[in-house]
Amino acid sequence: MEVFWYTMIAMVLVVFFILDGYDFGAGIIHLFFAKSEKDKEVIAKSAGLFWDSNEVWLVAAGGMLFMAFPTFYASVFSGFYLPLIIVLWLIIFRAIGLEFRSQFNYQMWKAIWDKSFGISSLFLALFFGIALGNIVRGVNLGSTSNGISVHEAHYFFLPLWDSTFSPLSGTPGVIDWFTIVIGLITVVTLAIHGANWIILKTNSSINLQLKSVIFKLNIALSLLTIFSLSLWLMINPDALDNFMEKPWLLIFTVIYFSGVFGLFFIKKIKKDIYGFILSSLIIVGGITSTLASIFPVILPSTNSINGPLTIYNTAAHEYGLSIALNWFVVGFILLFVYLIVQKRLMGGKIDHMDYGH
Amino acid sequence: MEDMIFYDRLQFAFTITFHYLFPQLTMGLSLIIVFFKWKYLRKKEEKHNDSAKFFMKIFAINFTMGVVTGIPMEFQFGTNWAKFSELTGGIIGQTLAMEGVFSFFLESSFLALFIFGEKLMGQKLHFLTGFLVFLGSWASGYFILATNAWMQHPVGYEILDNGVFVLKNFSALFSNPWLLPAFLHNQFASVVTSSFVVASIGAFYILSEKNIEYGKLFLKTGVIFGLVSSLLVAFPTGDWNAKNVAKYQPAAFAAMEGIFETEEAGSEIVLIGQPDMVEKKLDNKIAVPKILSFLTHGEWDKQIPGMDQFKEDELPTNIPALYYSYHIMVGLGTIFIGIMVLAVFFLRKEKLYTFKPLLWTIMFLFPFPYIANTTGWYVAELGRQPYLVYGLLRTVDGVSPTVSSGNTLFTLLGFVGLYILLGLLFLLLVGKTIYQGPEPQKH
Ligand code: HDD
Ligand code: HEM
Ligand code: HEM
C-alpha cells in the first residue's frame, strides 16, 4: 500500500513538473530571450493559457501526500518553513504576472508583469531544484545538537543557509553548494523544456534561435550532471547502492540520458513534438532516478541519532490507505481524461487563439 | 508558546479570510452563469449569452485569486499546524485529497474550455462546460466543508496510544450530521453574495444610464436569486445549524447567544447588548424572553445551559468576538430578507427600475454579504475554540513544534503586504471589467 501511494504521488508530481515545468521554462526563456513585444505576448500566452490547470497537479500531489504520508507532510512542511512560504509567494507573483499583463495596453504595465513572470519562474525552478537537493542530501532530523535531539525525532527546522554553505557541516541549511548545483540543473532543464514548448506551441520569431539555445543549454546540462554526480558521491559514498542492488532501477537513469542525448540533435529534428518529448524524458528520468536512489527513504538524516523518514514510518493507517484506493481509481482516470480532452481542444499553435479574459 | 500560537492563528485567520472572499463569489456566480446560459438556450436572445460571458470574465478573475490564495491554505496545514497534520492527516487528508483530485480538476479544466471553446463546440456543449464548472466549484465547497465538519464534530475515527487519529469508517465522514446543514447554509450564503453583486452591477448600470438593457436583466435576476437565497440561508439552513451547535457544542452556543447565566426556565433571545467579560454580563441588553428556547428546542420553557455551566478551559477563548460575529451575521441576514422582499415587490409592480432610493441601496449593498459570510465563519471557527478538533485536540497542541514565532511573524507580514497588493489589483481589474460592460455579440 505504501509503495503504491508513493508511486502514485511521484507520478502526479512528475506530471506536474512536465506540465508546469514548461511554464517555468517559458518564463525563463521569456526573461532572457524574448525581445519583441509580439514574441513576449505569444510566449506569455503559451504559459498563461495553461498554468492554472497545470497547477492543480501540484494541489493534487499535495493533497495525496497529506492523506497518505501525514507525518512526512507535517515534518517537511514545517521543517522547510521559510523556503516553502517563499515558493508560495513566487507562485502568486508568477500567476498574477501571467494573468494581468494583457489586461492593460500600457508598455510599463506589461514590462512590470513580464518581469514578475520571468523572475519568479526562474526562482521557482531554482527553488524546486534546491528542494530536490535537500531531499537527497537529508536534514538534521530531530535538530540534534551535541548528541541530543531538541525535537521529536521526525521534526526539524532548517534555516535558509548556515555560514559554511556546506552540505557536510552536519547542520546544513536549505541552500548549500550541493543543493545550488541541483537547483541550477533544474533551471537549465526547465529552460530547455520551456524552449521546446515555445517551439511547439508558437510561431514566434525566435524559434530558430531557440534551437541553438537548447543545444548550448544541453551541453551545460551534461556537464552539470556529471559535476553533480561527483559532488554527490563525495557527500555520500553509498549514493549508488540502490542501483547496485536493483539494477533495473537504472532504467530511470537511462531515460534521463536518452533525453539528454537526443536533444543534441535538436537542430535536425523536424517534428517539434519530439523535442518536447525528449525534454520530458529528462524530467521524468531526473526525478525518478533521484527518488529511486534513496528509496524507501524519503528524507535521509544527517545525524546518527535519528533514523531517516521512510515511506513506512510516515504513512497513514492501513484502512485509510486502502479505502482511498477506491475513490482514487475513479479520480485518476478522470485526471487523464481531463488532460486529454483539454490538450486536444487546445492543441496546435496558439498564436491566434483569442485569450478571452 | 503562547505568542507563537498567536501569530499562527493570526496568519491562518488572515489568509483564510482573504481566500474565502473569492470562492464565495465564484460558487454562487457559477450558478447564475449556468442560469443565463440556460435562458439563452431556451430563448435564443443574445443578451443572455452576453451576460453569461460577461460574468464569466468576473468569475475568471475571482477564480485566479481563489487559486493563488488557496494554495497557501493547503500548505499552511503542514507549515504552521504540523502537529495537527501529523495527528489527523490520515482523516482530513482524505477529504482534502478528494477535493484536489476531483473538484479542482473539474473546475479549472472546464473553465478554460468555457472561456475559449464556445465556437469550437457549439452551444449545448458550451452550456455543459459551464455546468461542469459549477459542479466543480460546489464539489470543492462540499469537500472543504466535510473537512471542516469533521473538525467541528469528529466522527468515524479511533485514537491510538500515541495520539494519532486513524480513520475507522470512511462513509461516516460524509454522513456526519454537521455536514449537510453546514454545506447547504454555506452554499446558499455564497449565492447571496453573488446575487447581490449581480444586482449591484445592474443597479449601477441603470443609475449611470449605461448598458441599461443589461442593467435591468442583472437587477431582476439578482434580486430574485437574492430573495430566494436570503430566505433559504435563514430558514431552514441557518436555524438547522443553530440547533446543531446547541446540540454538539453547547459551550459555543451559550457564548454566541450571550447567555452568561443559566435561566431557570426558558432562555431569552438577545437582540442587542455588549458582553462585559469582567462582570460576566451583557450591558445595555435588549432581549425577548423565552424565544431562544422555543427556536432551539420548540419548547418555551426548555432550559439552555449558560456559560456559568462550563469550565473556564472549555469555553471559547474570544467570547466577545464570537458573540458579535454571530449577531452581525444574523442581523445582516434579517436585513437582507427585508430589502429583497421590498425589491421583488417593486419589481412586480414594475417600479423597481425607476425607484432611485432602492436602486442606490442595492448598489451599495454588495459588501454586506461578504461581511455576513466572513463573520459566519468566525462564528464557526471561534466557537470551536479552544479546540482544533472539537473536544479532542486542543489548538495549542496542533501547532508546528519547530517553527519559531519570529519566522511566523515574518511570513505573516509578507502575506499582509502581498495580499494588499493583490487586493488592489483585483479591484482595478474587476472595476475595469464592469466599466467596459458586457459587449454585444459581434457577428
Ligand atoms: C450571507 C451570509 C450569511 C447569512 C445572511 C447568514 N449566515 Fe449563518 N453562516 C454563514 C453565512 C451566513 C457562513 C459563512 O456560510 C457559515 C460559516 C460556516 C458555515 O457552514 O456557514 C455560517 C454559519 C452559521 C452557523 C454555524 C456556526 C458554527 O458552525 O458554529 C449558524 C448557527 C448560523 N450560520 C446561523 C445563521 C442564522 C440563524 C442566520 C439568520 C439569518 C444566518 N446564519 C445568516
Ligand atoms: C473548511 C475550511 C476550513 C478549515 C479546515 C479551517 C481550519 C482552521 C484551522 C486549522 C485554524 C487554526 C487553528 C485555530 O485557531 O483553531 C483555523 C482558524 C481560523 N479560521 Fe478556519 N478553517 C476553515 C475555513 C475558514 C473560513 C472560510 C474562515 C473565514 C472566512 C475561517 C476563519 C478562521 C479564523 C478567524 C480562525 C482563527 C480563530 C482563532 O484562532 O481563534 N476559517 N481554521
Ligand atoms: C482551510 C481551508 C481551505 C483550503 C486548504 C483551501 C484550499 C484551496 C486551494 C489549494 C485552492 C486552489 C485550487 C486550484 O488550484 O484550483 C482553492 C480554491 C478554491 N477554494 Fe479553497 N481552501 C480552503 C477554504 C475554502 C472554503 C471554506 C471554501 C468554500 C466553502 C473554498 C472553496 C474553494 C473554491 C470554490 C476554490 C476554487 C477557486 C475559486 O473558485 O475561487 N475553499 N482552495
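To find a chain, count down the sequence lines: A is the first, B the second, and so on, and within it residues start at 1.
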### Message
I'd like to know which of A/Phe156, A/Trp89, A/Tyr73 tops the heavy-atom pair count under 4.5 Å against chain B.
### Response
A/Trp89
### Summary
If you tally heavy-atom pairs under 4.5 Å between each of A/Phe50, A/Phe104, A/Phe80 and chain B, the highest tally belongs to A/Phe104
#### Entry: A/Phe157 CZ: over 12 foreign heavy atoms closer than 6.0 Å
yes
### Message
Quick check for you: among A/Phe93, A/Phe328, A/Phe72, A/Phe332, which has the greatest number of heavy-atom pairs under 4.5 Å with chain B?
### Response
A/Phe93
### Residue part contacting chain B, namely of A/Glu318, when any heavy atom lies under 4.5 Å
neither
## Note on the structure
Per-residue tally against chain A (heavy atom, under 4.5 Å) across B/Ile91, B/Asn169, B/Leu87 peaks at B/Asn169
### Message
Determine whether B/Thr411 and A/Tyr81 satisfy the following criterion, side-chain hydrogen bond (donor to acceptor under 3.5 Å, both in side chains), listing intermediate values before the conclusion.
### Response
CA-CA 9 Å; B/Thr411 56; A/Tyr81 185 80; 2.8 Å; yes
### Query
Any donor and acceptor pair, going by atom type alone, linking the side chain of B/Lys168 with main-chain N or O of A/Tyr319 inside 3.5 Å?
no
### Task
Among A/Leu82, A/Leu334, A/Ile96, A/Ile91, single out the residue with the greatest number of heavy-atom pairs under 4.5 Å to chain B.
A/Leu82
### Query
Between B/Phe165 and chain A, which part of the residue has a heavy atom less than 4.5 Å away: side chain, backbone, both or neither?
neither
### Message
Donor-acceptor check, side chain of A/Glu99 to backbone of B/Thr64, threshold 3.5 angstrom: yes or no?
### Response
no
### Task
Begin with the C-alpha distance, continue with both residues' side-chain angles, and end with the deciding distance and a verdict on side-chain hydrogen bond (donor to acceptor under 3.5 Å, both in side chains) for B/Glu158 and A/His317.
CA-CA 11 Å; B/Glu158 186 185 38; A/His317 218 249; over 6 Å; no
### Message
Tell me whether the rings of A/Phe66 and B/Phe77 are parallel (<30°), tilted (30 to 60°) or perpendicular (>60°).
### Response
parallel
### Query
Distance from B/Phe105 atom CZ to A/Leu339 atom CG, nearest 0.5 Å?
8.0 Å
### Summary
Bottom line for B/Phe415: the part with an atom under 4.5 Å from chain A's heavy atoms is both
